[in-house]
Amino acid sequence: MHPSQSQDSPVAAEPLASGPAPSVSGSLPAGRPVAARVRRGALGADGALAGWAAGIDYLGTETTRSRLIAHAGVLGSIIALLLYVSWRVLFTLPSGGWNLAVALVLVAFELFPVFGLVIRAVTLWNIDCRRPEPVTTAEPGLRSAVFIPTYNEPVEVIAPTIAAACRLEPAHQTWVLDDGDRPWVAELCRDLGARYVRRDEHSHAKAGNMNHALDLMHRETEDGAEPIDVVAVLDCDHVPLPHFLTATLGWFHDERLALVQAPQTYYNSGAFDDDGDTGEQGMFFHVLLPARNHDGAGPFWCGSTSLIRVSALREVGGISTDTIVEDMHTTLNLLRKDWKTAYHHQVLALGLAPATPDQYLLQRRRWGMGSMQVLVRERLWAAKRWLSWRNYYEYLSGTLWWLEGVGTVFAFLIPAIVLVSGAQVSTANPWLFLAVFVVMFTIRLWGSRAMYRLHLHWPTAFALRILRVPVGLSCLFWLLTRRTLQFQVTPKAGANQRARGQAPRVLWGLVAVLAFVAVYALLGLSGLVPWHTTAASTVASGVWLILAGLVLVMGIRRIQAAEFATSRRNAYRVVLRAPVTLGEIPGELVDISVGGAAVRLPKGSLAPSGEIALSLPGGADPVLLQTVRIRSSDGGSEIASLRVRFGDWAAYRSLSLWLFHTPAGAVDGLPDGIPAVALRRDLRRTGRPTLARQYRAEGDGTP
């Protein structure tokens, strides 16, 4: 049971710390950029560095090589598709009538992607960014508070965020906004130096929680408290790195700038929407948002890892509560009042990505249906009068993108319908058609990946596109019904039992349809059932059908994979090797998390129960841990599993800061300025990280 603490008032406010305590690791070290060291293959003690580690440096200027390859990729994709369609029109279409009409439908389906490619060629041609000068003191106009909204997350998730936020510079306030009314969170905040805030009435979820805090802040300012100019927002699982505030507050020297958004980076690399190096969110934050960082565009608020000017929020009536995507909707309200937004392209905080298909689906459905709410409420199709052309395109296409799953269904069904229609859609030799198609499709795959700066890993991208089918259908259903939506929090805690994901029934339905059509076509070509079209026409539609089937199978296999099953653990474990001591016993760290550690020791050296102090390298204070169990290991040693006693907030703080603000030299081979959570043994992709290849870090001479 969690310890309880009585609260007599709607807002329980703990005393504020007078200033930030010294950081464990301080700011980024001087000398060679982190990205340069990652680029040269720096290894941890027992594994590789996660791809996001290169982004701890500011990612301002893309390398010339990356830009030229991207340009060649997008132009090559457009040219290959246009040449293919021209060949189809000039040399493969039937002479007329029903056959020609159906063939033209298929050709139009094949041509449609060229419009998206042309638009992306324009928007992604240049993705370089700029940044402000660092801010090291709490200047007037730049005084800040960090908001950490939380609801029902376990201590292993929220303790690192609170501990790291309290240690940030320059001097600031840290507010923990607890919508779960948990007394133990109040205790945790008091011991770590944060202010605990709760409310009696819990309407409008996260948006209402933050609006309550903003109202409280406004009342206190009117009563004579020092005004807060900027609010930094961190989801409760997003642990800030030491440079989070110093690197970003300088943006607010521009008096018309309302919002700064930074990348959302995830330390559980290899989660469901990730491939161990980049992932779906990586492409969004390292390609699409940097491309918008110029006048007349700018990013929208993505919730976490962001800073917002308080006066701008007050002018638009606070954080929007009209939809369940309060962040994007609030951004539109700011743009309507002529405020600007900016993107700071640097890894500033580390969070938890959805680890299972169910978590991914829940989160994406919320984002998708919330975007439909914004689309309808703001009438985005008619918003050109108050949005710049670039923002108009980005917001309209960004909301409609959530209907991609509906388009995927049509992409599967159109070739199937054409195939069973019996229409002759191609007069080309089947083998020639197949060869031309394969060449075109291969160039498109290469070109799209180059255009997105290698942040597309096709097996992952295809699998995730399949899971967006139920998301798109849910969005379409909302557009038709306009039912009331409730904000649903993405679970961060461990599950009661380990279970694999279950593919949505609509995906199995698509598999059944495609399988039936494919089998029927094969039987038709063999003369076993009536079939009224040529082999060439069958191949023209059949190749699309085969591709659709392969993608479906890939998606379902990923959903059901054991590596994405639920976990009973609340804390993410980092596997690394480092010398430690337990009491006076020397040992070797095997793995470590916010909730405990596993240590290899000489056999028989540790009692099977009780508490013992763990001393980590780097000068951190010893951490008192409980022995859970001891198991035998190879070579006459044993491994002790240890955990933090619930309520020992100092232990949670020490482990959190050691993992996320790692002292220099604490782990052999770990570059200074990179946290220990960057170490990975199970990366599914090898080679130089994508970010290190894509960007030239400041101070690095890479062309």
Side-chain angles (χ1 to χ4, degrees), residues 74-121 381 397 400-401 403-445 447-448 462 465 469 472 476 510 513-525 529-552:
V74 67
L75 293 176
S77 295
I78 293 172
I79 293 171
L81 185 54
L82 290 177
L83 288 175
Y84 167 79
V85 171
S86 299
W87 174 74
R88 289 278 282 122
V89 171
L90 295 175
F91 301 105
T92 73
L93 293 185
S95 57
W98 163 255
N99 290 331
L100 179 61
V102 177
L104 288 174
V105 170
L106 185 60
V107 171
F109 163 75
E110 295 174 317
L111 177 64
F112 185 75
V114 78
F115 300 103
L117 286 172
V118 170
I119 291 172
R120 284 302 179 205
W381 58 87
S397 64
L400 291 176
W401 178 83
L403 294 169
E404 179 196 47
V406 179
T408 300
V409 172
F410 280 105
F412 288 174
L413 294 183
I414 287 175
I417 293 171
V418 170
L419 195 61
V420 299
S421 70
Q424 182 179 353
V425 294
S426 174
T427 60
N429 177 279
W431 293 109
L432 174 62
F433 185 97
L434 184 62
V436 173
F437 179 88
V438 168
V439 170
M440 178 276 296
F441 197 72
T442 301
I443 293 174
R444 279 190 58 193
L445 289 180
S448 295
F462 284 148
R465 177 159 185 170
V469 168
L476 179 62
L510 286 174
V513 170
L514 296 185
F516 170 79
V517 173
V519 170
Y520 190 80
L522 289 174
L523 293 175
L525 289 176
V529 296
W531 194 247
H532 305 292
T533 187
T534 64
S537 296
T538 302
V539 170
S541 300
V543 289
W544 285 111
L545 201 67
I546 292 171
L547 283 174
L550 290 174
V551 171
L552 263 175

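Just so we're clear, the structure is a prediction, and the values are computed from it rather than from any experiment.
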Distance check, rounded to the nearest 0.5 Å: Leu403 atom CG versus Phe410 atom CZ?
11.0 Å
Provide the full list of side-chain hydrogen bond (donor to acceptor under 3.5 Å, both in side chains) pairs with a residue in residues 83-93, sequence neighbours left out, each pair given once.
Tyr84-Glu110, Arg88-Thr92, Arg88-Glu110
Applying ring pair (Phe, Tyr, Trp, His ring centres under 6.0 Å) to Phe112 and not counting sequence neighbours gives none
Taking salt bridge (Lys or Arg N to Asp or Glu O under 4.0 Å) as the cut-off, I'd like each qualifying pair that reaches into residues 410-435, sequence neighbours left out, listed once.
none
Asn99 and Gln424 have their tightest heavy-atom pair at OD1-N, 2.9 Å
Please find the pair of heavy atoms, one from Ile414 and one from Phe109, that lie closest to each other, and give the distance.
CD1-CD1, 4.1 Å
Please collect all salt bridge (Lys or Arg N to Asp or Glu O under 4.0 Å) contacts where either partner lies in residues 421-434, sequence neighbours excluded, each pair once.
none
Show your working on side-chain contact (heavy atoms from CB on, under 4.5 Å) between Leu111 and Leu82 and close with a plain yes or no.
CA-CA 8 Å; Leu111 177 64; Leu82 290 177; 4.2 Å; yes
Looking at side-chain heavy atoms only, is the closest gap between Val406 and Val469 below 4.5 Å?
no
Can you tell me how far CD1 of Ile119 sits from OG of Ser397, rounded to the nearest 0.5 angstrom?
7.5 Å
Atom of Leu552, atom of Phe412 and distance for their closest heavy-atom approach:
CG-CE1, 3.6 Å
Holding to side chain to side chain contact (heavy atoms under 4.5 Å, CB included), I want the full list of residues that pass it with Ile79, two or more places apart in sequence or in another chain.
Leu83
Residues at least two apart in sequence or cross-chain that pass side chain to side chain contact (heavy atoms under 4.5 Å, CB included) with Ile546, listed by chain then number, are Leu550
Filter on salt bridge (Lys or Arg N to Asp or Glu O under 4.0 Å), then keep only pairs touching residues 415-438, sequence neighbours left out; what's left?
none
Considering only residues two or more places apart or on different chains, which pairs with a residue in residues 409-430 satisfy salt bridge (Lys or Arg N to Asp or Glu O under 4.0 Å)?
none
Glu404: salt bridge (charged side-chain N to carboxylate O under 4.0 Å, His left out) partners, not counting sequence neighbours:
Arg465, Arg468
Shortest non-hydrogen contact between Ile78 and Ala121, atoms and distance:
CD1-CB, 4.3 Å
Test of understanding: with side chain to side chain contact (heavy atoms under 4.5 Å, CB included), list the residues that count as partners of Leu75, not counting sequence neighbours.
Trp125
Could you pull out the closest heavy-atom pair between Pro113 and Arg444, with the gap in Å?
CB-NH2, 3.5 Å
Within the structure provided, determine whether Leu514 and Val517 are in side-chain contact (heavy-atom separation under 4.5 Å).
no
CZ-CG distance between Phe441 and Leu81, expressed to the nearest 0.5 angstrom:
11.0 Å
Residue list, side chain to side chain contact (heavy atoms under 4.5 Å, CB included) with Val438, at least two apart or on another chain:
Leu434, Thr442
For the CH2 atom on Trp381, are there more than 12 heavy atoms of other groups (residues, nucleotides or ligands in this structure) within a distance under 6.0 Å?
yes
Does some side-chain heavy atom of Leu547 sit less than 4.5 Å from a side-chain heavy atom of Phe437?
yes
Any idea which heavy atoms bring Ala80 and Ile443 closest together, and the distance?
CB-CG2, 3.6 Å
